[in-house]
There are 2 protein chains.
Amino acid sequence: MAVTLKDIAEKVGVTESTVSRVLNGIPKASEKTQKKIFKVAAELGYNPNQIARSLVTKETKTIGLIISDLANTYFARVASGIEKIASKYGYSLVISTTGGQENAELKYINLLQEKRVDGLLFASGKMPVSCRKLLIKSEIPTVVVAREVAEELPSVHIDNVKESYRAVEYLIKAGHTKIAMISGSAVDKESGAYRIQGYKKALNDNNLEIKEDLIVEGNFKLASGIRAMNKLLQINKNITAVFAASDEMGVGAIKAIKKAGLKVPHDISVIGFDNNIISLASEPELTTISQPEEKLGQQAMEMLYKVIKEQPLTAHKIYLPCQLIKRNSVQSII
Amino acid sequence: MAVTLKDIAEKVGVTESTVSRVLNGIPKASEKTQKKIFKVAAELGYNPNQIARSLVTKETKTIGLIISDLANTYFARVASGIEKIASKYGYSLVISTTGGQENAELKYINLLQEKRVDGLLFASGKMPVSCRKLLIKSEIPTVVVAREVAEELPSVHIDNVKESYRAVEYLIKAGHTKIAMISGSAVDKESGAYRIQGYKKALNDNNLEIKEDLIVEGNFKLASGIRAMNKLLQINKNITAVFAASDEMGVGAIKAIKKAGLKVPHDISVIGFDNNIISLASEPELTTISQPEEKLGQQAMEMLYKVIKEQPLTAHKIYLPCQLIKRNSVQSII
DNA sequence: AAACTTTAGTCAAGCGCTTGTCTTAAATTA
DNA sequence: TAATTTAAGACAAGCGCTTGACTAAAGTTT
């Protein structure tokens with residue numbers, strides 16, 4: 001089987017503890033023995049058993065990531081950002097995907113606790129109370145990323161209200177007054193809901209009337225954008241602009257508008273959200289709000305590292321700014 | 001600190017071994033004690049220490065994934081497929097990203113070995129000899145996914161030559177004879193190179209001349225597709241179709257063609273590769289070869305599971321078929 | 001009733017490391 | 001030169017669990 005400290009110790013003629021210390025760079029041996037130990041270790045192809053080490057040190061150098069869906073570009077990028085920083089600090093990442101299902105989330109929190117991860121990152125759906133309780137009880141350092149609700153937990157995210165506000169305000173400043181919205185699923189306290197909130201606030205602050213039938217719900221996907229836009233086109237209240245809560249839906253909207261024989265942005269302007277690569281593929285290219293997914297992940301991991309090292313269980317929140325990317329799908333009408 | 005078997009044992013009045021057996025469902029206790037043990041375990045909020053268990057069972061229920069880049073849709077989907085099946089079999093996934101760097105790959109193979117993962121999935125760049133050696137020496141069950149080179153190791157991938165051949169053949173059957181190619185980076189034995197091979201073979205088998213200057217290299221990204229197409233347009237040998245080795249480049253090509261005042265597919269037909277969501281966003285929608293990324297991941301994990309359970313170190317290879325997705329970017333000219 | 005099985009446990013070793021304490025010989029100091 | 005410090009290492013316990021071997025009492029068989 002695998003070679004152990006004992007094997008090295010015997011071959012060199014010292015005890016395990018000496019070998020352990022030397023291999024860990026604790027200076028407790030003569031140059032000679034050190035050399036010998038390193039040499040024998042290399043000869044034997046020694047590969048330390050991190051499991052055994054973890055058992056005594058109570059550190060696994062592993063952090064758990066509970067995430068909704070890896071196949072989703074957005075989450076994949078967040079994960080990517082997390083992984084980079086984790087790796088920088090010498091941590092491995094174990095990833096569990098939940099599809100946003102509460103029971104899966106619960107299950108994985110438990111599992112990761114059994115694995116004794118040093119910390120936990122939560123980037124799944126809206127965090128249910130049950131999860132929060134379990135997390136807090138487990139005492140695992142945790143930070144929540146990319147989700148709005150995290151009362152007792154430190155978290156990093158974007159300000160969906162503010163960023164949506166910015167998108168809609170941009171439309172308003174371009175002279176639009178009949179602005180529709182294609183929202184994502186508007187579940188309470190999730191990004192979809194906050195984006196609607198931002199839309200309404202922008203209208204309100206600019207003395208524009210909020211018409212509920214101009215808000216039609218999609219599911220963030222392209223096809224749903226097409227459907228939603230078609231519905232909007234039927235209602236037709238002379239809208240001149242639409243704010244889509246995702247780029248996929250934005251592109252869908254553009255396609256629907258064009259199919260209806262109208263022109264973007266000449267007849268209707270469209271603005272999206274995410275700055276997905278898809279926004280560059282559409283014709284015209286989609287003006288959008290760019291989210292800092294990678295940075296979100298990086299910041300979250302940096303934060304988690306601090307929590308692990310210093311244990312300040314403060315429910316600290318940080319917001320990362322987005323950027324308005326102007327392209328060709330919005331036209332000024334003043 | 002955390003509650004252990006010992007704590008439960010003491011409170012119930014039995015030994016640790018009894019508690020362990022009961023909690024693991026090994027029937028070695030009376031109904032009464034069993035009930036009591038479960039009750040006390042729940043009361044105390046017992047959460048088994050998988051580290052300690054792993055130390056003795058030599059199983060971590062963890063598999064390692066070495067992958068090139070999570071932010072890349074393609075790999076993210078492969079990873080997603082892997083995760084699903086891993087989870088089905090009760091394994092966790094620890095992910096390391098390498099950016100295709102050989103030293104990073106080596107480093108992570110070592111790291112994952114230290115963590116005593118039960119198996120390893122390799123989905124990084126072209127696998128260097130050094131990695132293969134290390135992997136084989138480590139004796140960790142390994143399967144390679146989404147990469148063409150894996151001589152001594154079991155692997156699952158698509159047949160890039162064949163699928164590219166199919167794309168080009170489709171163009172030829174539509175009457176095209178002047179077909180250009182926008183290739184990905186053509187590093188030896190990587191997908192980019194194989195796709196070129198498929199392109200050439202298709203031309204060859206159909207008695208069409210291969211002109212090296214009609215193959216221009218991109219890097220799989222959208223912007224490189226635009227650049228490449230512009231170059232092609234300059235050369236201008238009356239090409240009527242182009243095969244792009246990725247959808248991003250395909251969409252880039254379409255944009256370039258349109259910008260040059262020509263029409264797709266009226267003047268030039270374009271076919272892509274991947275079936276990325278981007279292919280649906282472009283105008284016209286891009287005809288392409290659809291890769292089964294998720295399935296690739298799933299199959300690889302299924303395969304790994306078998307290897308772990310049965311240890312047949314056979315260098316088994318499996319190829320998953322792709323699909324030609326016909327949309328509107330290719331026109332028949334006969 | 002003696003011999004054998006079962007049941008319900010106990011006991012102890014061991015997985016591969018780390019780490020605090022102790023020991024001995026050499027090096028330094030007064 | 002005797003006393004003290006330091007260097008180089010040995011010793012042993014322990015992390016939390018699993019598991020094979022053993023035991024004592026109860027139940028079953030003939």
Side-chain angles (χ1 to χ4, degrees), chain A residues 1-38 40-41 44-62 110-118 138-139, chain B residues 1-38 40-41 44-62 110-118 138-139:
Chain A
M1 281 293 296
V3 7
T4 70
L5 281 190
K6 204 174 157 193
D7 299 327
I8 301 178
E10 278 170 7
K11 195 150 179 187
V12 175
V14 292
T15 49
E16 286 177 61
S17 49
T18 302
V19 179
S20 168
R21 290 194 164 103
V22 167
L23 258 26
N24 285 308
I26 298 163
K28 267 260 188 164
S30 63
E31 289 271 315
K32 235 185 277 178
T33 10
Q34 293 198 28
K35 286 244 161 78
K36 218 161 154 191
I37 287 174
F38 281 120
V40 172
L44 262 36
Y46 176 67
N47 180 271
N49 186 326
Q50 176 67 43
I51 298 292
R53 166 180 293 163
S54 290
L55 188 57
V56 11
T57 62
K58 273 124 174 34
E59 258 201 329
T60 53
K61 280 297 178 186
T62 299
N110 250 307
L111 184 72
L112 292 169
Q113 192 185 352
E114 290 185 2
K115 297 227 151 135
R116 297 298 189 262
V117 293
D118 295 338
S138 77
E139 296 184 327
Chain B
M1 283 293 297
V3 6
T4 71
L5 281 190
K6 204 174 159 193
D7 299 327
I8 302 179
E10 278 170 7
K11 196 150 180 189
V12 175
V14 292
T15 48
E16 287 181 61
S17 46
T18 301
V19 178
S20 168
R21 290 193 164 101
V22 167
L23 257 25
N24 285 309
I26 297 164
K28 270 260 190 165
S30 64
E31 289 272 312
K32 235 183 280 179
T33 9
Q34 292 199 28
K35 287 243 161 80
K36 218 161 153 191
I37 288 174
F38 281 119
V40 172
L44 262 37
Y46 176 67
N47 180 271
N49 186 326
Q50 175 66 44
I51 297 293
R53 165 181 292 164
S54 290
L55 188 57
V56 14
T57 61
K58 275 130 173 29
E59 259 201 326
T60 53
K61 280 298 177 184
T62 299
N110 249 309
L111 184 72
L112 291 170
Q113 192 185 354
E114 290 184 2
K115 298 226 150 135
R116 297 298 188 260
V117 294
D118 295 338
S138 77
E139 296 183 329

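Side-chain proximity of A:A29 to the nucleotides D:dG16, D:dG9, C:dG9 is greatest for D:dG9.
Looking at residues two or more places apart in sequence or on another chain, you find no side chain to side chain donor-acceptor pair (under 3.5 Å) involving A:R21. When the side-chain contact (heavy atoms from CB on, under 4.5 Å) test is applied to B:E10, the partners found at least two apart in sequence or on another chain are B:K6. Taking the side chain to side chain donor-acceptor pair (under 3.5 Å) definition, one finds that A:R53 meets it with A:N24, sequence neighbours left out. The side-chain contact (heavy atoms from CB on, under 4.5 Å) check on A:L5 picks up A:E16, A:V19, A:S20, A:L23, A:Y46, with sequence neighbours excluded. Checked against side chain to side chain donor-acceptor pair (under 3.5 Å), B:S17 has the following partners two or more places apart in sequence or in another chain: B:T15. A:T62 pairs by the side chain to side chain donor-acceptor pair (under 3.5 Å) definition with B:K115, not counting sequence neighbours. Residues meeting the salt bridge (charged side-chain N to carboxylate O under 4.0 Å, His left out) test with B:K11, sequence neighbours left out: B:E43.
For the pair A:Q50 CD and C:dC17 C1', the computed distance is 10 Å after rounding to whole Å. If you take NZ of B:K32 and C1' of C:dT7, they are 14 Å apart, rounded to a whole angstrom. The NZ atom of A:K6 sits 16 Å away from the P atom of C:dT18 (whole-angstrom rounding). The separation between A:E59 atom CD and D:dC15 atom C1' is 14 Å, rounded to whole Å. The CD1 atom of B:I51 sits 14 Å away from the P atom of C:dC17 (whole-angstrom rounding). Distance, B:L55 CG to C:dT18 C1': 13 Å, rounded to whole Å. Nucleotide C:dC17 holds its P atom 16 Å from the NZ atom of B:K115, rounded to whole Å. Between the C1' atom of D:dA10 and the CD atom of A:E10 lies a distance of 15 Å, rounded to the nearest Å.
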Report task. Could you run through nucleotides 18-26 of chain D and give me one letter per nucleotide, 5' to 3': B if any protein heavy atom sits under 4.0 Å from the base, S if only the sugar-phosphate is that close, - if neither? Result -> BBBB-----
Enumerate all atom pairs, one protein N or O and one N or O from nucleotides 24-27 of chain C, separated by less than 3.5 Å.
none

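Side-chain N or O atoms of B:Q34 include one that pairs as donor or acceptor with a backbone N or O of B:A29 at under 3.5 Å.
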Report task. May I have the step-by-step check of side-chain contact (heavy atoms from CB on, under 4.5 Å) for B:R116 and A:N47, ending in yes or no? Result -> CA-CA 10 Å; B:R116 297 298 188 260; A:N47 180 271; 2.7 Å; yes
Report task. Show the numbers, then the answer: is there a side-chain contact (heavy atoms from CB on, under 4.5 Å) between A:V14 and A:T33? Result -> CA-CA 9 Å; A:V14 292; A:T33 10; 3.9 Å; yes
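Helix-axis bend for the helix from C:dA1-D:dT30 to C:dA30-D:dT1: the local axis fitted to the five terminal pairs at one end deviates from that at the other end by 40°, rounded to 10°.
What you find for A:K58 and A:D118 is that their closest heavy atoms are O-OD1, 4.4 Å.
For the OP1/OP2 pair of C:dG16 and a distance below 4.0 Å, the side-chain nitrogens and oxygens of B:K58 include at least one atom meeting the criterion.
Counting any heavy atom pair closer than 4.0 Å across all strands shown, A:S54 reaches no nucleic acid atom. Contact annotation for A:T15: base contact, defined as any heavy-atom pair under 4.0 Å involving a base atom.
The side-chain heavy atoms of A:L44 and A:I8, taken from C-beta on, include a pair separated by under 4.5 Å.
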